[in-house]
Amino acid sequence: MVGAGPTGLTLACELARRDIPVRIIEAAAEPRAGSRGKGMQPRTLEVLDDLGLAAAAVANGRFRMLLRKYLPNGETITHEVLANAAEPSAATPYTRPLMIAQYRTEALLRTRLAEFGVQVEQNTRLLRFSQDEAGVSAWLDADGAEAEVRVAYLVGCDGGSSLVRKQSGIAFVGETDEDSRWLVADVELAGLDRDFWYQWIHASGAGLALCPLPGINAFQLQTGVPADSATTLSTDAMQALISDISGRADILIQHVRWQSIWRANARLAERYRVGRIFLAGDAAHVHTPAGAQGMNTGIQDAYNLGWKLAHAVSGAPDALLDTYQEERQPVALDVLGLSAKMFGGGLATVLPKDGQQQSVTQLGVRYPASSLSELHGQVAAGVLTAGDRAPGGMLVAANGDAVRLFDLFRGTHVTALAFGAGSAEVASRLAERFPEHVRAYRVLGAGQAADGRYTDPTGDVFANYDATDGTLVLVRPDGYVGLRATDPDEDRIVSYLRRLVPAHR
């Protein structure tokens with residue numbers, strides 16, 4: 001991996017926990033500072049749940065916050081951020097974005113990666129690379145010394161100016177608004193309490209947002225700056241922006257922790273794969289920060305690619321790797337459209353508001369048209385089907401313990417959920433035929449003897465999966481339904497699995 005931001009770290013974790021040797025290099029000498037992408041969407045929290053990091057993320061973040069808006073007509077309104085978000089449930093345990101500084105997210109991922117025995121190689125820069133049918137040769141500058149390494153695959157997680165993308169000759173299609181520049185900074189302030197996310201909007205369109213960052217005595221500042229602004233602003237210049245736009249003299253900067261100026265970009269890589277070279281995260285797609293989509297989309301790129309790369313390295317068909325672009329590029333295209341739409345009105349439309357939560361949570365991301373989404377039999381419209389996100393739920397084990405579906409999914413395997421007795425034998429034989437890659441669980445209805453299986457006493461899991469006796473659902477390692485079958489045909493399902501998993505011994 002080239003680049004140790006959230007995308008590269010997630011991808012490294014996905015490979016390392018599958019015992020795939022991995023190196024992750026980062027040109028910077030130290031981990032990056034700055035809150036940057038501070039909104040972690042619910043679907044990303046589900047990814048961290050699978051990695052065993054959700055509890056730590058929640059402990060370092062904040063779900064609920066009041067947004068206080070000062071309007072051009074002098075009116076002040078206050079409402080909760082995403083006030084109409086659904087309450088958490090067993091099926092969807094995370095429904096609100098989590099406010100957490102990006103450097104904290106990266107620290108959690110680094111810690112998890114270290115637990116797998118992998119350290120980020122700081123101060124190590126990619127110089128150039130070449131590939132052939134057998135692998136990739138890469139030349140690195142590590143602390144000033146050049147070295148050549150040989151790897152099976154190379155993934156560029158190296159941001160919008162990606163060297164990997166440029167040297168691969170992949171076009172970055174879109175546009176950059178050179179006249180639109182924005183400042184984001186982490187600042188310690190006097191004069192504001194930390195109970196609100198503040199926003200000031202002028203009739204001219206000028207705007208200022210100050211958001212308290214969980215866990216540290218700082219606010220994230222966002223505001224537009226002139227197109228000819230320097231790459232960094234002095235404290236006095238930042239103070240003048242705050243005072244001018246807010247109209248208040250009592251909000252005073254005490255310390256600037258970090259700052260960055262960015263341009264409004266909307267670009268998408270024409271290809272996500274060239275042979276053994278892949279792109280993920282900002283290297284593959286860039287857009288405005290509206291809706292807190294960038295970091296989240298990158299993490300989910302990595303979550304999609306990680307298990308596929310690991311399976312390919314271990315002997316799965318190479319065609320599996322083509323499904324990465326097939327599935328993730330349309331998602332990025334949708335995100336670019338959403339981001340541009342939200343950003344069109346400037347800062348006033350960047351901040352969250354009621355009614356947009358379904359479009360930003362990324363819980364609705366699905367892959368129905370993917371070649372990995374297979375439906376055996378007919379289902380009615382609206383029924384959970386191949387390509388959909390697999391819902392969570394609560395089951396009861398034979399010993400009476402409550403068990404989350406997400407805990408059964410956690411790990412590196414394909415999960416076979418056999419509802420009732422009709423598909424149980426097929427699911428069991430699949431686990432026997434693919435012992436390293438498939439785990440089978442029989443789910444019984446309320447009142448049925450558990451007999452070492454799991455029961456669904458409330459019927460909610462059956463309902464959420466639109467299941468009847470005999471329904472078989474295969475859940476991919478990344479938590480999406482890969483296959484749904486009624487009256488399952490074992491030979492057809494084995495043929496499907498052989499497209500996903502390494503050839504078993």
Side-chain angles (χ1 to χ4, degrees), residues 6 32-42 44-45 56-71 76-83 85 94-108 182-201 206-225 233 235 238-262 289-296 347-354 356-357 360:
R32 295 184 300 175
S35 56
R36 299 179 187 270
K38 65 184 183 300
M40 183 179 291
Q41 298 297 344
T44 302
L45 275 164
V58 171
N60 281 276
R62 179 177 178 179
F63 278 118
R64 293 180 179 268
M65 187 176 293
L66 292 173
L67 183 62
R68 176 163 288 180
K69 298 180 179 180
Y70 300 90
L71 304 182
T76 300
I77 61 173
T78 301
H79 65 79
E80 187 175 351
V81 175
L82 302 186
Y94 311 104
T95 58
R96 296 174 179 275
L98 179 73
M99 303 294 293
I100 178 172
Q102 184 172 318
Y103 74 85
R104 289 187 179 274
T105 300
E106 293 181 10
L108 294 175
W182 293 77
L183 168 71
V184 58
D186 296 345
V187 295
E188 296 176 13
L189 296 173
L192 290 178
D193 63 49
R194 297 178 56 81
D195 294 331
F196 302 97
W197 183 349
Y198 301 88
Q199 175 190 2
W200 290 265
I201 297 296
L208 167 71
L210 292 167
C211 178
L213 295 169
I216 60 171
N217 182 29
F219 288 74
Q220 186 188 76
L221 180 158
Q222 290 177 285
T223 189
V225 295
L233 266 64
T235 300
M238 285 190 204
Q239 182 65 66
L241 286 170
I242 291 176
S243 300
D244 290 347
I245 298 174
S246 70
R248 291 175 53 172
D250 61 324
I251 305 174
L252 301 175
I253 296 177
Q254 297 178 316
H255 177 63
V256 177
R257 289 171 169 254
W258 167 84
Q259 64 170 298
S260 178
I261 291 178
W262 55 271
Q293 300 292 286
M295 178 190 73
N296 295 276
L347 188 62
T349 58
V350 170
L351 294 179
K353 53 183 177 292
D354 293 346
Q356 72 182 32
Q357 59 263 27
V360 302

When you measure from the side chain of [X] to the backbone of [Y], do you find a donor-acceptor pair of N or O atoms at a distance under 3.5 Å?
| X | Y | value |
| --- | --- | --- |
| Asn296 | Pro42 | no |
| Gln239 | Ile253 | yes |
| Arg194 | Leu213 | yes |
| Gln259 | Leu233 | yes |

Phe219 and Ile251: CA distance, side-chain angles, deciding distance, side chain to side chain contact (heavy atoms under 4.5 Å, CB included) verdict: CA-CA 12 Å; Phe219 288 74; Ile251 305 174; over 6 Å; no

Could you report the tightest heavy-atom contact between [X] and [Y], atom names first, then the distance?
| X | Y | answer |
| --- | --- | --- |
| Ala57 | Leu98 | O-CD2, 3.4 Å |
| Met65 | Pro212 | CE-O, 3.8 Å |
| Phe63 | Arg96 | CE2-O, 3.4 Å |

Which value, rounded to the nearest 0.5 Å, describes the distance between [X] atom [atom1] and [Y] atom [atom2]?
| X | Y | atom1 | atom2 | answer |
| --- | --- | --- | --- | --- |
| Thr76 | Gln199 | OG1 | CD | 11.5 Å |
| Tyr198 | Leu67 | OH | CG | 11.0 Å |
| Ile245 | Thr223 | CD1 | OG1 | 3.5 Å |
| Tyr70 | Leu208 | OH | CG | 11.0 Å |

Thr105 and Thr44: CA distance, side-chain angles, deciding distance, side chain to side chain contact (heavy atoms under 4.5 Å, CB included) verdict: CA-CA 11 Å; Thr105 300; Thr44 302; over 6 Å; no

Asp250: salt bridge (Lys or Arg N to Asp or Glu O under 4.0 Å) partners, not counting sequence neighbours: Arg248

Counterpart residues, salt bridge (Lys or Arg N to Asp or Glu O under 4.0 Å), relative to Arg257 (two or more places apart): Glu188

Chi angles and distances behind the side chain to side chain contact (heavy atoms under 4.5 Å, CB included) call for Gln41, Met295: CA-CA 9 Å; Gln41 298 297 344; Met295 178 190 73; over 6 Å; no

Residues that Arg36 engages under side chain to side chain contact (heavy atoms under 4.5 Å, CB included), provided they are two or more places apart: Arg32, Gln102, Trp258

Derivation of the side chain to side chain contact (heavy atoms under 4.5 Å, CB included) call for Val225 and Leu241: CA-CA 9 Å; Val225 295; Leu241 286 170; 4.0 Å; yes

Heavy-atom check, side chain of Arg104 versus side chain of Pro214, under 4.5 Å: no

